[in-house]
Colleague: 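Here it is, the structure, as structure tokens.
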Amino acid sequence: MRTEDVLAAIATGMWCWDNASGIVTLDAEAARLLGLPAEPVQLTEAAVRSRFHPVDWNEIDGVVNLAVAEGTLAEARLRIMDGHGRVIRTVRSRSKPLIEAGDYQLVGTLQEVAEPQPGTAARTPITGDWRRSREAFLLDAGRALAEARSTAEVLRVAASLSMPGFSPDGLAVFGVAGERLTIIGHHGHNAGDEGPFTSMSVDTDYPAAEVVRTGRAIYLPSPEEYLRRFPVTWPLAQRFGRQSWAYLPLIVAGRTMGAWMAAFKHQVAFTPDERSVLTTVARMLAQALARAGVAESERELSLGLQRTMMPVLGPGIPGLHVAARYVPTGGGLQVGGDWYDMIQLPGGRIALVIGDVQGHDVRAAGLMGQLRIALRAYASEGHRPDAVLSRASRFLYGITDGDGDGSVAGGGGDGGGHEAGAGPFRIGGEGPDKGTHNGGPRFATCLYMEIDPVTGAVDIARAGHPDPAVRMTDGTVLLRPTAGGLPLGIDPDTDYPTTRFTLEPGETLMMCTDGLLETGGHDLDSGWERIRALLEGHDGDSLEDLADSLVEAVHGPGSHHTTGPLADRREDDIAVLLLSRQGPAVREAPRRTMMTVAQAEPERIAAARQHMRQLLHDWADEDQLDSAVLMVSEMVTNVLIHTDGDALIVAEVTCDDGGRRLRVEVADASDELPHKRHPGEMASSGRGLVLMEMLAHAWGVDPRGEGKSIWFELNEPAKGEGGVGA
């Protein structure tokens with residue numbers, strides 16, 4: 001005997017509910033128990049749902065979800081209703097969810113049980129279970145509406161609410177624009193059905209219009225009641241085939257901002273409990289829509305500010321590739337003080353500027369816009385980088401009430417705010433209260449660069465901003481140390497020295513704000529290591545891909561850049577500007593770098609040591625690397641102690657048939673040549689030339705007109721060989 005026959009003999013049917021497709025398969029006995037002809041059938045979820053008492057359906061829905069989550073059986077008692085809303089029998093359902101690839105099939109049995117049968121759905125008494133279900137529903141609905149971030153999300157949540165016992169199948173949210181009703185959103189209707197309601201006068205004899213006029217809810221439990229109270233607009237509602245309607249005011253801060261319609265295909269008596277549920281949902285819906293409206297207005301304002309203030313890089317520049325990204329912080333209006341710009345200069349030169357005005361508020365964005373315009377004006381007048389920043393500093397000092405005490409949280413850039421060994425980046429930090437100053441003086445960090453696309457000559461002036469980084473043709477990434485001054489707006493008389501170098505064909509220069517480095521709990525040092533690893537690993541030719549990769553490395557994929565639950569990962573604004581010089585790149589081109597250590601900046605000796613280690617990051621002999629760092633430190637220290645000028649360091653790694661060679665020169669303006677001495681054991685100086693004689697393969701001192709150059713060379717040993725001193 002077949003299993004189906006055995007089950008039918010004991011009045012037990014089998015069913016299978018496919019959650020993915022929404023199709024419910026019933027055998028003959030299960031169909032009979034649901035009041036259908038006794039034959040196997042496949043129905044939609046909605047068709048099956050219409051056969052169950054609404055209260056029971058709400059309960060079984062929660063039981064099934066719990067069973068899916070816990071992998072247990074779902075058991076419940078369900079009242080079966082006929083087409084007139086009368087309860088015809090009670091069945092017991094036992095089912096097991098079979099989960100596969102995120103979806104599930106609910107396979108189980110239906111068996112009739114003895115229960116009191118008379119009564120209708122509308123007259124079923126409210127039980128304690130119903131009240132508990134109502135309370136749980138309101139808690140879930142409140143949480144879901146509170147988490148909605150936009151009007152569209154609010155409407156999706158409202159459409160998905162399954163009210164205990166009387167879930168509506170049609171929803172509409174009306175707004176008010178002047179003296180006319182508008183449709184904000186709807187559910188359970190076809191496209192175009194909203195046409196007659198999109199611009200209806202609030203004086204119309206229509207339930208939603210009356211709710212807006214009076215601020216009082218309207219309940220229409222039957223079509224006859226609708227026709228009696230609103231005969232003029234009844235034909236508009238009649239075509240939808242609904243049986244009951246509830247129109248409730250959406251009130252925020254005592255003002256009616258619209259109306260909410262809940263329509264039902266089955267008749268609802270609108271008992272006090274049911275009205276209580278609807279009223280509570282309407283209040284939560286109104287608050288959610290108000291919050292979403294404010295958030296959308298803020299987003300529109302912030303996007304407008306961004307579009308206005310962020311430049312378009314413009315047409316391609318012969319010989320150069322440029323890419324840029326700006327990502328606002330996750331809080332507030334999502335506007336801040338970071339910016340970038342590209343300026344066409346006379347003679348074919350290009351100016352690139354990136355900066356960061358203190359703060360993350362509207363005032364910071366406004367100051368950023370003013371400062372950007374001022375910088376563009378000064379650059380277009382033909383001023384050199386140092387003059388552009390000097391004028392910009394005086395401009396910002398003047399418009400931010402610079403007569404204050406001028407104190408700046410976190411130090412003051414290169415004018416004396418550094419600490420020795422503070423890391424490769426030097427920045428006039430904005431301190432722990434960055435973004436909290438609503439009034440008083442503000443400052444801005446800035447990096448201004450001019451480049452000749454033909455020769456690759458770069459002139460940079462820096463105002464307390466992170467140094468740029470250069471990715472060489474062989475993948476080596478180095479910070480490019482540049483001289484600098486205080487952030488803009490602190491001291492109107494600050495000087496901004498200019499640093500010059502050449503960007504070789506195939507090399508890429510990166511300029512960024514500190515948000516790219518410090519986001520995610522990093523400091524400047526660890527943040528730089530994260531970015532450097534990404535720059536070194538980039539092997540594509542697309543600067544756009546590299547710009548995306550830099551942003552994603554800091555706070556996740558592009559889906560996180562917009563508003564949403566993950567927006568708070570953006571702790572600071574991020575601006576990044578990439579520049580690549582086109583041309584035939586030579587993979588074995590020399591690595592060349594230079595930096596200046598001024599008399600007033602002895603702490604930059606530590607940066608010089610770090611810079612040498614970055615240049616020789618893949619050097620085969622660690623002992624030689626330590627020797628090179630030691631000799632550079634001694635040479636620069638001797639210049640600062642024994643002369644009155646600055647030290648210029650030029651380092652180059654070349655490659656020939658015999659392997660790689662490091663040559664380092666330290667030049668100064670003094671004519672006095674160094675002398676080899678024999679210091680005693682307790683002497684504190686005099687070992688520089690002795691060390692070079694011991695550690696270098698070659699060294700020397702070359703007079704250079706006004707000044708001299710001390711140099712040394714190291715030959716990289718082949719793998720497996722010892723280096724100097726082996």
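Keep in mind that the numbers below use all heavy atoms, side chains included, and drop hydrogens, waters and symmetry copies.
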Colleague: Does R89 reach the main-chain N or O of L33 with its side chain, forming a donor-acceptor pair under 3.5 Å?
Modeller: yes

Colleague: Is the side chain of R275 donor-acceptor paired with the backbone N or O of F270 at a distance under 3.5 Å, no angle test?
Modeller: yes

Colleague: Nearest 0.5 Å, please: how far is CZ in R216 from CD in E210?
Modeller: 7.5 Å

Colleague: Is it the case that the side chain of N19 and the backbone of Y104 share a donor-acceptor pair, with hydrogens and angles ignored and the cut-off at 3.5 Å?
Modeller: no

Colleague: Would you say R530's side chain and L517's backbone share a donor-acceptor pair under 3.5 angstrom?
Modeller: yes

Colleague: Please identify each residue that fulfils salt bridge (charged side-chain N to carboxylate O under 4.0 Å, His left out) with E225, with sequence neighbours left out.
Modeller: R228

Colleague: Could you tell me whether a side-chain N or O of T204 sits under 3.5 Å from a main-chain N or O of M200, the two making a donor and an acceptor?
Modeller: no

Colleague: Kindly assign one of parallel, tilted or perpendicular to the pair Y247 and F174, based on the angle between their ring planes and the thresholds 30° and 60°.
Modeller: tilted

Colleague: Kindly write out the residues that satisfy salt bridge (charged side-chain N to carboxylate O under 4.0 Å, His left out) with R51, not counting sequence neighbours, or none if the list is empty.
Modeller: none

Colleague: Okay, side chain of R325, backbone of E544: is any donor-acceptor separation there less than 3.5 Å?
Modeller: yes

Colleague: Under a plain distance cut-off of 3.5 Å, with no hydrogens placed, do D338 and T513 share a side-chain donor-acceptor pair?
Modeller: yes

Colleague: Would you confirm whether S244, through its side chain, and V268, through its main-chain N or O, come within 3.5 Å as a donor-acceptor pair?
Modeller: yes

Colleague: Using a 3.5 Å distance criterion without hydrogens, assess whether the side chain of D82 forms a donor-acceptor pair with backbone atoms of R86.
Modeller: yes

Colleague: Ignoring hydrogens and angles, state whether a donor on the side chain of Q42 or T25 is under 3.5 Å from an acceptor on the partner side chain.
Modeller: yes

Colleague: Can any side-chain N or O of T12 pair as donor or acceptor with the backbone N or O of Q111 at less than 3.5 Å?
Modeller: no

Colleague: Do the side chain of T44 and the main chain of A47 share a donor and acceptor less than 3.5 angstrom apart?
Modeller: yes

Colleague: Step by step, would you call R242 with D169 a salt bridge (charged side-chain N to carboxylate O under 4.0 Å, His left out)?
Modeller: CA-CA 9 Å; R242 305 276 167 55; D169 70 288; 3.0 Å; yes

Colleague: Working to the nearest 0.5 Å, report the span between OG of S549 and CG of L543.
Modeller: 11.0 Å

Colleague: If you take the centroid of each ring, where Trp contributes its six-membered ring, are Y326 and W339 closer together than 6.0 Å?
Modeller: no

Colleague: Check the angle between the aromatic planes of W17 and W15 and answer parallel, tilted or perpendicular using the 30° and 60° thresholds.
Modeller: tilted

Colleague: For D203, which residues count as a salt bridge (charged side-chain N to carboxylate O under 4.0 Å, His left out) partner, sequence neighbours excluded?
Modeller: none

Colleague: Between atom CG of L145 and atom CZ of R283, what is the distance when rounded to the nearest 0.5 Å?
Modeller: 14.5 Å

